[in-house]
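Some notes on the structure that comes next.
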Amino acid sequence: MTPKVRVRFAPSPTGEPHLGNLRTAVFNWLYARSTGGDFIVRIEDTDQQRLVPGAVNTILESLHWLGLDWDEGPDLPTGQFGPYYQSQRKTLYTVIKDLLITQGAAYECYCSPERLQEMRQTQQQAKTRVGYDGKCRDLSIADQEKSAATTSPVVRFRMPDEGTTTCTDYIRGDIVFDNSLIDDFVIMKSDGYPTYHFASVIDDHAMEISHVMRADEWLSSLPRHVHLYQALGYELPTFVHLPIILGPDRSKLSKRHGATSILEYKDAGFLPDAILNFLALLGWSLDDSSELFSRDQLIDSFTIDRVGDSAAVFDIDKLSWMNGVYIRDLSNSQLATEIEPFLDVSADLALATPDQPDLVDIVPVIKERIKTLREADEMISFFGDHELVYDPSLLIPKGLDEKHATTILDSVYPILEKTTDFTTATIDTTLRAHAIELELKPGQVFSVLRVALTGRTVAPPLFETMEILGQAQSLKRIRQAKTLMENRK
Ligand code: GLU
């Protein structure tokens with residue numbers, strides 16, 4: 001029987017989670033959900049210098065927002081594998097460290113930071129391997145005791161000096177590392193906290209993780225981990241290193257390519273389902289063409305066999321396009337609910353007053369035009385019951401003069417006032433017929449009205465907008481435009 005799939009997302013709470021972190025979370029979550037396995041969140045908070053207060057909450061909030069749920073984690077009642085904060089598992093690491101020292105697989109190192117710095121400089125100058133030179137490998141008990149009186153040691157793992165280590169990655173196959181290039185690395189720091197390498201190997205084993213799926217930057221650590229597994233007599237999990245994420249210019253993804261923090265995307269009005277879909281495609285594909293996947297489709301189709309080995313390219317234009325698709329997919333009432341938190345509360349769009357159009361009636365005219373929820377606010381702000389502020393010269397259509405603008409406004413008013421069926425279709429027919437009577441192009445008439453009704457030259461479709469504004473508000477705005485034209489003289 002194959003053991004149950006147990007995968008983990010193991011963030012370090014050192015700042016806001018970025019797209020790369022969340023991509024790792026998404027792949028692990030999808031794999032757990034598609035195999036009926038467990039998804040575990042483990043907080044790797046052993047680097048006390050780099051801890052950022054509040055980062056754990058931000059990480060969990062980002063996961064929640066993306067709709068990734070976990071079976072075990074720091075905020076859930078501790079099961080048999082907890083605690084899920086590494087800082088609360090120090091006793092375990094200490095016991096295992098002592099065991100490795102007793103076995104001779106690890107040793108205490110008393111070298112000062114100054115000595116190590118000097119050592120590195122000399123190595124760099126001599127162009128030899130940069131890494132620990134093994135000075136404390138075989139200290140006598142007496143020397144150790146003498147150093148211990150003044151210095152807290154670190155603990156290093158003894159790596160073989162020669163030979164090779166073959167590591168297997170699920171995506172890349174066997175990779176052979178030259179042992180002489182890997183130094184005796186630190187497993188326990190002088191503050192009594194383990195290093196990432198040590199704690200993650202112990203925890204992945206203790207938490208019965210079946211697949212270690214993580215960013216490709218950890219591939220170079222794999223031989224260290226493999227040696228730790230072997231020294232501890234642990235069975236190796238399956239390692240899956242996810243391809244690096246690059247910007248469109250093929251340099252490592254960074255701030256230069258747009259926001260990297262996932263919560264910035266939330267604030268910019270991206271939908272979690274769009275982000276999930278987008279992140280799933282950063283290194284995984286079903287085939288050469290499918291791009292849009294609902295949450296359930298992703299779970300149904302995700303396999304680690306289709307994780308690629310070449311770099312994934314982050315393309316903000318593609319993400320914006322995808323977000324637009326997800327926005328158009330929402331029903332009007334869903335979209336109105338999503339947009340509401342993004343509306344500027346101080347805006348004059350007093351959606352709550354009885355004379356105002358409902359947001360749900362407005363959203364159809366902007367649905368095709370927005371790529372993020374935040375763009376909606378600016379686009380619909382003219383729907384409020386307030387005096388529009390605009391430059392009256394905008395009312396003068398291209399190629400015509402202000403007399404024409406006045407004629408259009410004056411003549412259109414009684415026609416619209418008489419219109420009993422104030423709907424898109426009727427307004428459309430009525431205004432087109434009127435343009436013919438005025439011997440003007442329809443576009444010229446519409447452009448005057450567009451500015452009168454919205455205060456801008458680029459706006460959602462005119463007749464729909466008029467229907468939503470309603471007859472009274474539309475007439476009021478035409479009156480306002482007429483006054484503006486008169487005062488211009
Ligand atoms: N704490 C590591 C990180 O935040 C986790 C690496 C791993 O998944 O093993 O990148």
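Ligands are counted one by one from 1 in listed order, and the atoms in each one are counted from 1 as well. Just so it is clear, the model here is predicted, and its values are computed rather than measured. Below, each value reflects all heavy atoms present in this structure, side chains not excepted, and no hydrogens, waters or symmetry copies.
With hydrogens and angles left out, the side-chain atoms of D174 and T166 include no donor and acceptor closer than 3.5 Å.
Taking the six-membered ring for Trp and thresholds of 30 and 60 degrees, H197 and F185 have ring planes more than 60 degrees apart, a perpendicular arrangement.
In this structure, R156 forms a cation-pi arrangement with Y132, its terminal cationic atom sitting closer than 6.0 Å to the ring centre and no more than 45° off the ring axis.
Applying the salt bridge (Lys or Arg N to Asp or Glu O under 4.0 Å) rule to pairs touching residues 129-138 yields R115-D133, R137-D161, R137-D184, D138-R158, sequence neighbours excluded.
Closer than 4.0 angstrom to ligand 1 sit non-hydrogen atoms from R8, A10, P11, S12, E44, Y196, R214, W218.
Exactly one residue among R8, R6, R42 makes a side chain to side chain donor-acceptor pair (under 3.5 Å) with E72. That residue is R6.
A side-chain donor-acceptor contact under 3.5 Å links Q48 to the backbone of D45.
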